[in-house]
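All values below come from the heavy atoms of this structure, side chains included, with hydrogens, waters and symmetry mates left out. In this text the structure is predicted, and so the values were computed from the model without any measurement.
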Amino acid sequence: MERYLYTAMDGALHTLTAQRIHANNLANVGTTGFKSDMESVKAYPIEGPGFGSRILPQEQIPGTDFTAGRLETTARSLDVGIRGSGFIAVRGEGGKEAYTRAGNLQVTSNGELVSNGHVVEGADGPLVVDDYRSIHVGSDGTVSITPVGGNGTMVSGQLKLVNPPITALAKGEDGLFYMKNGGQAPLDPNVVVESGHLELSNVNAVDEMVNTLSLSRTFEVQVRMMKTADELSNTGNRLVRGG
């Protein structure tokens with residue numbers, strides 16, 4: 001009876017975690033450059049006398065699907081989509097360098113270039129641009145402006161574009177990616193961006209909806225199993241008491 005109950009309970013706990021992951025993916029179906037999370041469970045045997053046949057699920061750290069999202073044309077000069085692999089370096093939590101595929105850049109009132117509120121790192125430090133009449137981002141990440149009242153162009157800096165191995169990256173709670181070793185990825189001149197484009201989320205809304213519905217049904221079955229275990233236990237107790 002105990003085995004039956006614990007199997008159902010662990011299954012229900014895993015199902016709740018999986019539902020949370022898929023719900024978060026669905027919530028970010030419209031988030032620029034978002035990479036969906038993948039649930040992961042490992043079976044592990046319980047150690048100790050009398051537990052030799054006990055196998056329970058153990059939740060693993062969710063993985064990330066790094067598949068590129070579709071590039072959508074926006075014609076906005078400060079929208080940049082990465083063509084192929086690579087990331088844009090930004091300043092993340094605690095001032096640590098982090099990486100994102102969200103290229104919806106903005107210029108703050110003090111001239112800082114930001115992505116979703118995170119300061120964009122340039123090849124030589126944070127990128128700051130002077131007042132401009134027009135702005136352009138080249139395929140290598142070079143940011144050029146035409147100053148207010150001027151006709152020529154001047155280079156303000158270059159986006160720090162990196163391409164570390166995805167196995168070296170971990171997603172933070174802020175949705176940015178960080179190097180697992182706490183270091184910084186080097187600038188990669190082979191990373192190419194396309195101005196006037198944005199990378200959409202790689203979440204497949206239909207798949208996520210199907211998975212969520214399937215998990216809901218699974219959770220209902222596991223709850224019924226726990227209720228059945230409780231009823232069987234009560235019946236056994238009544239038989240023992242002779243009631």
Side-chain angles (χ1 to χ4, degrees), residues 7-43 56-76 78-93 96 98-106 114-118 120 164-180 193-194 196-226:
T7 298
M9 183 184 69
D10 282 330
L13 287 174
H14 160 65
T15 304
L16 284 174
T17 302
Q19 283 180 318
R20 188 165 58 248
I21 291 173
H22 288 287
N24 182 62
N25 287 341
L26 264 180
N28 285 284
V29 70
T31 302
T32 302
F34 179 79
K35 301 300 172 203
S36 60
D37 296 315
M38 299 182 296
E39 55 178 307
S40 177
V41 177
K42 177 183 178 182
L56 291 177
Q58 186 177 45
E59 203 70 38
Q60 303 293 295
I61 298 174
T64 301
D65 178 7
F66 284 94
T67 304
R70 182 171 59 85
L71 282 184
E72 182 180 63
T73 302
T74 65
R76 179 175 174 269
L78 277 177
D79 284 344
V80 290
I82 296 177
R83 183 72 69 183
S85 59
F87 297 86
I88 299 169
V90 296
R91 189 175 297 170
E93 187 177 352
K96 293 173 59 178
Y99 309 106
T100 180
R101 300 272 294 191
N104 47 337
L105 308 181
Q106 304 280 344
V114 298
S115 168
N116 291 335
H118 300 285
V120 174
I166 58 175
T167 53
L169 296 174
K171 184 186 279 189
E173 292 184 357
D174 53 6
L176 300 174
F177 295 99
Y178 295 85
M179 296 291 287
K180 291 178 180 176
V193 297
E194 193 158 344
H197 292 73
L198 277 181
E199 180 178 340
L200 305 183
S201 167
N202 71 348
V203 174
N204 184 314
V206 175
D207 287 348
E208 295 297 336
M209 282 294 295
V210 170
N211 286 330
T212 300
L213 292 174
S214 176
L215 287 168
S216 296
R217 287 194 290 269
T218 301
F219 184 75
E220 290 172 2
V221 170
Q222 288 155 343
V223 169
R224 283 202 296 271
M225 289 173 65
M226 285 188 279

- Contacts of R83 meeting side chain to side chain donor-acceptor pair (under 3.5 Å) (sequence neighbours excluded), chain-then-number -> E194

- Query: Roughly how far, to the nearest 0.5 Å, is CG of N25 from OG of S36?
  - Reply: 5.0 Å

- Using the test side chain to side chain contact (heavy atoms under 4.5 Å, CB included), find all partners of I166 that sit at least two apart in sequence or belong to another chain. F66

- Message: If the condition is side chain to side chain contact (heavy atoms under 4.5 Å, CB included), which residues does M225 pass it with, not counting sequence neighbours?
- Response: Y4, A8, V221

- Message: Restricting to side chain to side chain donor-acceptor pair (under 3.5 Å), what partner residues turn up for T17, sequence neighbours left out?
- Response: none

- Query: Residues in side chain to side chain donor-acceptor pair (under 3.5 Å) with S85, at least two apart?
  - Reply: N163

- Message: Under the rule for side chain to side chain contact (heavy atoms under 4.5 Å, CB included), what residues qualify as partners of E220, not counting sequence neighbours?
- Response: R224

- Please list, chain by chain and in numerical order, all residues satisfying side chain to side chain donor-acceptor pair (under 3.5 Å) with T67, sequence neighbours excluded. D65

- Message: Which residues pass the side chain to side chain contact (heavy atoms under 4.5 Å, CB included) test with N104, not counting sequence neighbours?
- Response: T32, D79, A102, S115, N116, L198

- Item | Partner residues of D37 under the salt bridge (charged side-chain N to carboxylate O under 4.0 Å, His left out) criterion, sequence neighbours left out | K171

- Note on the structure: By salt bridge (charged side-chain N to carboxylate O under 4.0 Å, His left out), R70 pairs with (sequence neighbours left out) none

- Query: What pairs meet the salt bridge (Lys or Arg N to Asp or Glu O under 4.0 Å) rule with one or both residues in residues 199-215, with sequence neighbours excluded?
  - Reply: K35-E199, R101-E199

- Message: Suppose we screen for ring-ring contact (aromatic ring centres under 6.0 Å, His included). Which residues come up paired with F87, at least two apart in sequence or across chains?
- Response: F177

